[in-house]
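Letters go in sequence order (proteins before strands), and every chain restarts at 1.
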There are 2 protein chains.
Amino acid sequence: MPDAARPSKREEPRRETERTILAAAEKVFAEAGFGGATMQLIADMAGLPKANLHYYFPTKEALYRRVVGEIFEIWLQAAEALDQAQCPVEGIGAYIDAKMEISRRHPFGSKVWASEVMHGAPVIQDYLETTLRDWTEGRAAAIRRWIANGQMQPVDPHHLLYMLWATTQHYADFGHQIETLNGGRPLSDEDWAAATRSVKEIILRGVGAL
Amino acid sequence: MPDAARPSKREEPRRETERTILAAAEKVFAEAGFGGATMQLIADMAGLPKANLHYYFPTKEALYRRVVGEIFEIWLQAAEALDQAQCPVEGIGAYIDAKMEISRRHPFGSKVWASEVMHGAPVIQDYLETTLRDWTEGRAAAIRRWIANGQMQPVDPHHLLYMLWATTQHYADFGHQIETLNGGRPLSDEDWAAATRSVKEIILRGVGAL
DNA sequence: AAATTTATTGACCGCTTGGTCAGGTTATGG
DNA sequence: CCATAACCTGACCAAGCGGTCAATAAATTT
């Protein structure tokens, strides 16, 4: 029975099972927080016995660490949108596009990250102090260059970056609130497009790049 | 010994003790999440035996409910800034001022709210569907009036409100990340003033109100 | 097809959790 | 100064937790 209903475990069974567990863990950690999540809940969601989880991930914290690390990777990739741009409209616009897409496609991951940071980043403090800080300084320098070139108004680069993060991630982290205010219905394709358009318009006009 | 070191319990001892417990609970819930928080931790932080907590609040959830409710009240009060304004610069500006001040003075409450919404608002769903929805629609109408009067550009009122919430609350919810990127130091008075200035400047210019 | 490694699992363990309760202590009111 | 009510708390409990382990099953190698 090749290519059965369950994803084929012929090639790399370990990877397949790990992915199943990680997906379940991401969802449970997002919905219950680290403290509220239980290995039993994750196991049920993954359709595996609890003991099997500990075969692939020694502890709950190790599993959590992997989940958080994967989100960070995704965000770093999106950040490249800011790099290869010549003007703020293009760079910031592409970055907002990318981050809004991530908020839509990976809402659980975004929530796990938010939860982790809110609780004082006990697990990812080193990320914040090294990779994220370096990345932030680099991007701030690029923004200062745009300002020096007269391509946008002189706004504080850090606070601009915070605004970009806050606004885009809000659609993932507070998605439930937004959905409720949207009459209980999830945002449609057009709703997401309109949201992205609004964010880009206000911020790009706000920094004087339009 | 009138007016001793401990807050006077002569007048309304019940209220005093409740406030002590609520303050401790707010902090612990913010730092550990609902699932990660324990009654023992809250009791230690409040300097009371655990059993005493259950004398004032029957269950962990009842205590949590009170904490969340108090934050919502604070935000509703801040919302009045938006009401008594004639122009967007004044209204939105005052609202940003108020919400930034709350982020600074009540970071724990903001985190508890964020955590609650992220986890699907199991406790405050009714707030979202009634009070918050009504408030949002009222404010959206006010914004549409400003647009009709030509006092600002035609932006989607809902997405503007989301941006205001996201940006201001980010300074509380992600305060640890911001502090880390600030060299590990908490934001100074001037930092907060600069942050508020940046947010107001970008958003007010972004909606074409300047 | 035997041997060996890898994957799977039910049963179990020590510990912490939210919550209870009986009994003690303090304040209030007559 | 006593009685009644409000307040406080150490000791305790059932339930659920993260994690372990010995036994088994499946795959892979020889």
Side-chain angles (χ1 to χ4, degrees), chain A residues 1-4 6-22 24-29 31-68 112 119 122-123, chain B residues 1-22 24-29 31-68 112 115 119 122-123:
Chain A
M1 55 186 82
D3 295 335
R6 294 279 176 118
S8 162
K9 291 190 179 183
R10 193 80 58 83
E11 198 73 50
E12 293 186 352
R14 179 145 208 138
R15 287 289 155 83
E16 289 284 355
T17 311
E18 274 189 4
R19 287 248 56 86
T20 304
I21 295 172
L22 283 169
E26 185 180 340
K27 189 171 184 185
V28 172
F29 281 134
E31 287 175 350
F34 178 82
T38 69
M39 295 298 273
Q40 189 61 63
L41 236 74
I42 297 171
D44 292 348
M45 175 101 20
L48 296 169
K50 193 185 69 166
N52 207 344
L53 263 61
H54 283 98
Y55 178 76
Y56 287 94
F57 300 92
T59 65
K60 183 184 176 184
E61 189 175 318
L63 175 55
Y64 176 75
R65 203 179 279 266
R66 273 286 297 274
V67 170
V68 174
V112 173
H119 298 4
V123 158
Chain B
M1 57 185 83
D3 294 332
R6 294 280 176 116
S8 163
K9 291 190 178 181
R10 193 80 56 83
E11 198 71 52
E12 293 184 350
R14 178 145 208 133
R15 284 293 156 82
E16 289 284 354
T17 311
E18 275 189 4
R19 288 247 53 87
T20 304
I21 295 172
L22 283 168
E26 184 180 339
K27 190 171 183 185
V28 173
F29 281 135
E31 287 175 350
F34 179 82
T38 70
M39 295 299 272
Q40 189 61 63
L41 236 74
I42 296 171
D44 292 348
M45 175 102 19
L48 296 169
K50 195 186 68 168
N52 207 344
L53 264 60
H54 283 98
Y55 179 75
Y56 287 94
F57 300 92
T59 66
K60 182 184 177 185
E61 189 175 319
L63 175 54
Y64 176 75
R65 204 179 279 268
R66 272 285 298 273
V67 170
V68 174
V112 174
S115 201
H119 298 359
V123 158

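Checking the phosphate oxygens (OP1, OP2) of C:dA7, a side-chain nitrogen or oxygen of A:Arg14 falls inside 4.0 Å. For the OP1/OP2 pair of C:dA7 and a distance below 4.0 Å, the side-chain nitrogens and oxygens of A:Tyr55 include at least one atom meeting the criterion. Of the side-chain N and O atoms in B:Tyr56, one or more sit less than 4.0 angstrom from OP1 or OP2 of D:dC8.
At whole-Å resolution of the value, CG in B:Leu53 and P in D:dG10 are 13 Å apart. The distance between atom CG of A:Leu63 and atom C1' of D:dG19, rounded to the nearest whole Å, is 14 Å. Here D:dA23 presents its C1' atom at 15 Å from CG of A:Asn52, a figure rounded to the nearest Å. Atom P of nucleotide D:dG18 and atom OH of A:Tyr64 are separated by 15 Å, given to the nearest angstrom.
Within the 4.0 angstrom heavy-atom criterion, no nucleotide atom of any strand lies near A:Phe57.
Atom CZ of B:Arg14 and atom CZ of B:Arg19 lie 14.0 Å apart (nearest 0.5 Å).
Under the 4.5 Å side-chain criterion, counting only non-hydrogen atoms from C-beta, A:Tyr64 is in contact with A:Val112. Side-chain contact between A:Phe29 and A:Leu63: present, with at least one pair of heavy atoms (C-beta onward) separated by less than 4.5 Å.
Comparing the axis of the opening five pairs of the helix from C:dA1-D:dT30 to C:dG30-D:dC1 with that of the closing five pairs yields an angle of 10°, rounded to 10°.
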Dump the pairs, protein N or O against N or O of nucleotides 15-20 of chain C, anything under 3.5 Å, distances to one decimal.
| unit_1 | atom_1 | unit_2 | atom_2 | d |
| --- | --- | --- | --- | --- |
| C:dG18 | OP1 | B:Ala37 | O | 3.1 |
| C:dG18 | OP1 | B:Lys60 | NZ | 3.2 |
| C:dG18 | OP2 | B:Met39 | N | 3.0 |
| C:dG18 | N7 | B:Lys50 | NZ | 3.1 |
| C:dG19 | OP2 | B:Lys60 | N | 2.6 |
| C:dG19 | N7 | B:Lys50 | NZ | 3.1 |
| C:dG19 | O6 | B:Lys50 | NZ | 2.7 |

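Of the candidates D:dG10, C:dT6, C:dT9, C:dT9 carries the atom nearest the A:Pro49 side chain, counting heavy atoms from C-beta on.
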Contacts under 3.5 angstrom, residues 38-56 of chain A side chains, donor-acceptor by atom type, not counting sequence neighbours:
| unit_1 | atom_1 | unit_2 | atom_2 | d |
| --- | --- | --- | --- | --- |
| A:Thr38 | OG1 | A:Leu41 | N | 3.0 |
| A:Gln40 | NE2 | A:Asp44 | OD1 | 3.1 |

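In terms of the side-chain contact (heavy atoms from CB on, under 4.5 Å) criterion, residue partners of A:Arg66 (sequence neighbours excluded) are, by chain and number, A:Glu18, A:Leu22, A:Phe57, A:Glu70.
Counting only residues at least two apart or on different chains, the salt bridge (charged side-chain N to carboxylate O under 4.0 Å, His left out) pairs with a member in residues 53-64 of chain B are B:Glu61-B:Arg65.
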